[in-house]
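Report on one structure; see the data block that follows.
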Amino acid sequence: GYQGFVVEGDGLQLTDTPKRAFARAVSPNLFAALDLRLLAGRFLTDDDIASHPPVAVINSSLAAKYWPSQSPLGRRVQLDGGPAAWVEIVGVVSDTIGFGNQPQVVDGFYLPLTQWPPPGLGMGFIIRHAGVAPDERSLQRAVWLVDPNMQFFAHQSFAQLYFRAAWRTRFVTQLVVTFALLAVALSLAGIHAVNSFFVARRLGEFGIRIALGATSHNIRRLVLRDSLRLTLAGLAAGAVLAFAAS
């Protein structure tokens, strides 16, 4: 989750730091599974164990935010909720899109799982595959190859995760579309009513035109021309108001 952190030498304390980033305890294989590119330094390795000095890899968004004109490699940070020791930044990787109602790049730390064991009982696996998506039994066998005593309880694709995370945006969008369609229906009904009113008022005029030799085609063209003029004026005014309101 999101953790407050301080950079060595910035004079801040963890209790009042405004700096926050998403911290993930991961295995070294995560970078290959997510196809993250190494931009500077190194990835985490199996040698980053609990008895070694704490290290971390950060994403390029975090590096650009706090070290825009210098390399973050070798800099040390301290994270809230973790060991009191200073954590050395050893690598910078490409960004990923975080889950949420509006998915976006999230500033983040990648910390060795062996140095930052998760406090809870849950652990997630990211499985990269080619071709047809594996079924639940295949995924369960893959997890049991890592630990035969591990309880496998759920799985979903990244597409499903992003889809479910953005439910609020979809709901608002669907609501806006529904009201927009309702507004269009009301507008059409209004245009029909106005045209019917004008036609009813001009019945005498149409009778005179027909008596003077006008055909039904001429009358229809006259009504459509006047209706189109009114509609175009309304569309122009609506477009200006919509642009101003947007």
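Because the structure is predicted, anything quoted here is derived from the model rather than measured.
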- Message: Could you measure the distance from the OG atom of Ser196 to the CD1 atom of Ile191? Nearest 0.5 Å is fine.
- Response: 11.5 Å
- Closest heavy-atom contact between Asp226 and Arg229? OD1-NH1, 3.0 Å
- Note on the structure: Here the ring-ring contact (aromatic ring centres under 6.0 Å, His included) pairs for residues 199-246, sequence neighbours left out, are none
- Where Leu12 and Pro18 come nearest, the two heavy atoms and their spacing: CD1-CD, 3.8 Å
- Message: Suppose we screen for side-chain hydrogen bond (donor to acceptor under 3.5 Å, both in side chains). Which residues come up paired with Asp10, at least two apart in sequence or across chains?
- Response: Lys19
- Task: For residues Val92 and Val57, determine if any side-chain heavy atom of one lies less than 4.5 Å from a side-chain heavy atom of the other.
- Result: no
- Task: Give a yes or no on whether the backbone of Leu14 and the side-chain of Asp80 come within a donor-acceptor separation of less than 3.5 Å.
- Result: no
- Query: Of all residues at least two apart in sequence or in a different chain, which pass the side-chain hydrogen bond (donor to acceptor under 3.5 Å, both in side chains) check with Arg225?
  - Reply: none
- Can you list the residues that meet the salt bridge (Lys or Arg N to Asp or Glu O under 4.0 Å) rule with Arg76, with sequence neighbours excluded? Glu8
- Message: For Phe109, give me all partners under ring-ring contact (aromatic ring centres under 6.0 Å, His included), at least two apart in sequence or on another chain.
- Response: Phe5
- Are Ile97 and Phe163 connected in a single hydrophobic cluster, I mean Ile/Leu/Val/Met/Phe/Trp/Tyr linked by side-chain heavy atoms less than 4.5 Å apart? no
- Cluster overlap Val194 with Val199, hydrophobic side-chain contacts below 4.5 Å: no
- Query: Which atoms form the tightest heavy-atom contact between Leu111 and Ala56, and what is the distance?
  - Reply: CD2-CB, 3.4 Å
- Task: Sequence neighbours left out, what passes side-chain contact (heavy atoms from CB on, under 4.5 Å) with Trp67? Give chain and number order.
- Result: Val7, Ile58, Gln70, Pro72, Arg75, Val77, Ile89
- Task: Please go through Ile49's hydrophobic cluster and name the other residues, only I, L, V, M, F, W, Y counting, with side-chain heavy atoms under 4.5 Å joining them.
- Result: none
- First locate atom CD of Gln13, then atom CD of Gln78, and finally report the distance between them rounded to the nearest 0.5 Å. 8.5 Å
- Task: Any ring-ring contact (aromatic ring centres under 6.0 Å, His included) involving residues 180-203? Give me the pairs, sequence neighbours left out, ordered by first then second residue.
- Result: none
- Message: If I take atom CG from residue Leu139 and atom CH2 from residue Trp144, how far apart are they, to the nearest 0.5 angstrom?
- Response: 12.0 Å
- Considering only Ile, Leu, Val, Met, Phe, Trp and Tyr, and joining two whenever side-chain heavy atoms are under 4.5 Å apart, list the other residues clustered with Leu181. Val177
- Message: List the residues meeting side-chain contact (heavy atoms from CB on, under 4.5 Å) with Ala214, not counting sequence neighbours, and say none if there are none.
- Response: Arg209, Asn218, Ile219
- For Val106 and Asn59, which heavy atoms make the closest approach, and how far apart are they? O-ND2, 2.7 Å
- Task: State whether the side chain of Gln115 and the backbone N or O of Val55 hold a donor-acceptor pair below 3.5 Å, judged by distance alone.
- Result: yes
- Residues joined to Ile208 in its hydrophobic cluster, side chain to side chain under 4.5 Å directly or through other members, sorted by chain and number, are Leu212
- Query: How close do Asp95 and Ser61 get, heavy atom to heavy atom, and via which atoms?
  - Reply: OD1-N, 2.9 Å
Per-pair distances, 0.1 Å, donor-acceptor, side chain in residues 21-46, under 3.5 Å, sequence neighbours excluded:
from, atom 1, to, atom 2, distance (Å)
Arg42, NH1, Asp48, OD2, 3.1
Arg42, NH2, Asp48, OD1, 3.0
Thr45, OG1, Asp47, N, 3.2

